[in-house]
Colleague: 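This is the structure, below, for whatever I ask next.
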Number of protein chains: 2
Amino acid sequence: MPRSTKHAPERGNARTRLLEAACDVIRAKGFTATSIEDLCRAAEVTKGAFFHHFPSKDALGVAAADHWAETTTAFFAAAPYHAPSDPLDRLLAYIAFRKSIIVGDIADFSCLVGTMVQEVHASAPSIRDACGASMLGHAATLEADIEAAMRDRDILEPGAAASLARHIQAVIQGALVLAKGGNDPALARESLDHLARYVRLLFRSSTTGPQA
Amino acid sequence: MPRSTKHAPERGNARTRLLEAACDVIRAKGFTATSIEDLCRAAEVTKGAFFHHFPSKDALGVAAADHWAETTTAFFAAAPYHAPSDPLDRLLAYIAFRKSIIVGDIADFSCLVGTMVQEVHASAPSIRDACGASMLGHAATLEADIEAAMRDRDILEPGAAASLARHIQAVIQGALVLAKGGNDPALARESLDHLARYVRLLFRSSTTGPQA
DNA sequence: GCACATACCGACCATCTGGTATGTATTTAG
DNA sequence: CTAAATACATACCAGATGGTCGGTATGTGC
């Protein structure tokens, strides 16, 4: 069924190629500066194929953000940081893992949705919402471990786990911004060190807990 | 001298108006999506005036980042957070001040250079460097207080003050990204609460200090 | 085998974009 | 008073951009 004859339309192939090209090109050039022809060239498809799969450039932006959410979810689900048995160790392993992938070319480790949302937050609400859903959805995957770590230390503060999970994402996004400005990945890694230290300090004293 | 007749060219007036318009429009629409005519319309000048003052759009980007650096430097120098006598209190007051200005429309409290650098970090090195200089220059204004706070607690770790200063900027930038994605300023304020808590925890135990 | 949907192609178009060329009013130096 | 420089204004242009449209090839249900 999925394997058709050589000249078959290969349903959805062009669409996937365009989405993957979008992730690469938009991270490097930004959403607005990326033209539809840039995308077609990178994906090796024609403009006709583009508009067959996406009604507009904005629609591609939404689809790219959704695609990003899916691929990153799979990527992080398969990542090794889930191995430790202690939830706090898993959380720290997550931060260490995020730090470990900040190497090489900035465009390669930067975040598609973080980049896009800065540009379109006011002009394209549909893209903005898709980006927000990706970021906050990823943050939510950390909540269980944070909550477990808090429970282990008898910290029961409603909403604190979700809040810390969001903060972790904020630090990662900000670290990428600083790395871009200073043109140096080390600036991002440095911030993740501070983040790890914050988490350790938060969970150090079991009696006080993470409240202000 | 500065006050000339009504129909005088008013030297530099158009330039300043364009720079101020750039800060507003680019924060809302992004650099690439902002056309030169957008800028001229907002500044109420003609295209001729634009290209009289700036040789290209990229040059305006650099000038806008520099202008941003100047105006924010003046703004923060005049801000009330310098009042406390204790350096740690000043640092915490800075974070509280940054939190207090995160209200209203997102474009109004977002950072020009943080927005721009995400878009142009790979395609316009001159703008990227100007943005980086603005961010890191502002971070440097915190170093003295951080260092003093560390000295008060006999913490002597070379580079730690600069590193924390940069981290604070990273968190602020990331908080803005998250606020844009979730379309809610509260998301940014929440991260600044975490940041303040981190700083307090760092300086709580005078013996251990901020090392990892 | 026939109607229909899907997948894709490539020419075309109106508009916008950054940028230029030329002209003009005002200020300033000598 | 003159010459040059400054600070604009206006008309214009070549190329790019998002998007449209008619067409073709292939697969699918009946």
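Throughout, protein chains are lettered first and strands after them, A, B, ... in sequence-line order, and every chain is numbered starting at 1.
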Colleague: Would you mind reading off the distance between N13(A) atom CG and dC9(C) atom C1', rounded to a whole angstrom?
Modeller: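 In whole Å, dC9(C) C1' lies 15 Å from N13(A) CG.
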Colleague: In whole Å, I'd like the distance from the NE2 atom of H53(A) to the C1' atom of dT20(D).
Modeller: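 Distance check: H53(A) NE2 to dT20(D) C1' gives 17 Å.
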Colleague: Would you mind reading off the distance between R17(B) atom CZ and dA7(D) atom P, rounded to a whole angstrom?
Modeller: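 The distance from CZ of R17(B) to P of dA7(D) comes to 14 Å, rounded to the nearest Å.
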Colleague: Without decimals, in angstroms, what is the distance between E44(A) CD and dC9(C) P?
Modeller: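 For the pair E44(A) CD and dC9(C) P, the rounded distance is 11 Å.
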Colleague: Under 6.0 Å between ring centres, would you say that holds for Y198(A) and H167(A)?
Modeller: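 Aromatic pair counts; centres sit under 6.0 Å.
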Colleague: For dC9(C), does either OP1 or OP2 sit under 4.0 Å from a side-chain N or O belonging to H52(A)?
Modeller: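 Looking at the OP1 and OP2 atoms of dC9(C), neither is under 4.0 Å from any side-chain N or O of H52(A).
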Colleague: Out of F75(A), Y94(A), W68(A), which residue meets the ring pair (Phe, Tyr, Trp, His ring centres under 6.0 Å) rule with H138(A)?
Modeller: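 For H138(A), the ring pair (Phe, Tyr, Trp, His ring centres under 6.0 Å) check succeeds only for Y94(A).
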Colleague: Any chance you could lay out the side chain to side chain contact (heavy atoms under 4.5 Å, CB included) test for M135(B) and Q169(B), step after step, and finish with the verdict?
Modeller: CA-CA 7 Å; M135(B) 288 192 286; Q169(B) 297 314 307; 5.6 Å; no
Colleague: Rounded to whole Å, please give me the gap between NZ in K57(B) and C1' in dT20(C).
Modeller: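 Those two atoms, NZ and C1', are 18 Å apart.
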Colleague: Taking D108(A)'s backbone N and O only, do any of them form a donor-acceptor pair with R27(A)'s side chain (distance below 3.5 Å, no angle check)?
Modeller: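 Such a contact is found between R27(A) side chain and D108(A) backbone.
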Colleague: Would you call the rings of F97(A) and F76(A) parallel, tilted or perpendicular, taking 30° and 60° as the class edges?
Modeller: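 Correct class here is perpendicular.
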Colleague: Nearest to the side chain of I36(B), heavy atoms from C-beta on, is which of dC8(D), dG18(C), dC8(C)?
Modeller: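 Ranking dC8(D), dG18(C), dC8(C) by closest atom to the I36(B) side chain puts dG18(C) first.
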Colleague: Within this structure, what is the CD-to-P distance between E37(B) and dC16(C), rounded to whole angstrom?
Modeller: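 So the CD-P distance, E37(B) to dC16(C), works out to 9 Å.
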Colleague: Any donor-acceptor pair under 3.5 Å linking the side-chain atoms of K29(B) with those of T115(B)?
Modeller: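 Absent: no donor and acceptor within the cut-off.
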Colleague: Going by the rule salt bridge (Lys or Arg N to Asp or Glu O under 4.0 Å), which residues pair with R128(A) if we only count those two or more places apart in sequence or in a different chain?
Modeller: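 So R128(A) forms no salt bridge (Lys or Arg N to Asp or Glu O under 4.0 Å) with any residue.
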Colleague: Among dT20(D), dC8(C), dG19(C), which nucleotide has an atom closest to any side-chain atom of F51(B)?
Modeller: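 Minimum distance to the F51(B) side chain belongs to dG19(C).
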Colleague: Rounded to whole angstroms, how far apart are CZ on F50(A) and P on dG18(D)?
Modeller: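 Distance check: F50(A) CZ to dG18(D) P gives 8 Å.
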Colleague: What's the CZ-C1' distance between F54(B) and dT20(C), to the nearest Å?
Modeller: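 After rounding, the gap between these two atoms is 18 Å.
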Colleague: Using a 4.0 Å cut-off on heavy atoms, which residues in residues 24-35 of chain A reach DNA chain D? List them by number, or say none.
Modeller: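 When residues 24-35 of chain A is checked for heavy atoms under 4.0 Å from DNA chain D, the hits, listed by number, are T34(A), S35(A).
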Colleague: Is the phosphate of dG10(C) approached by K47(A) (side-chain N or O, under 4.0 Å from OP1 or OP2)?
Modeller: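 False: K47(A) side-chain N/O out of range (4.0 Å or more) of dG10(C) OP1/OP2.
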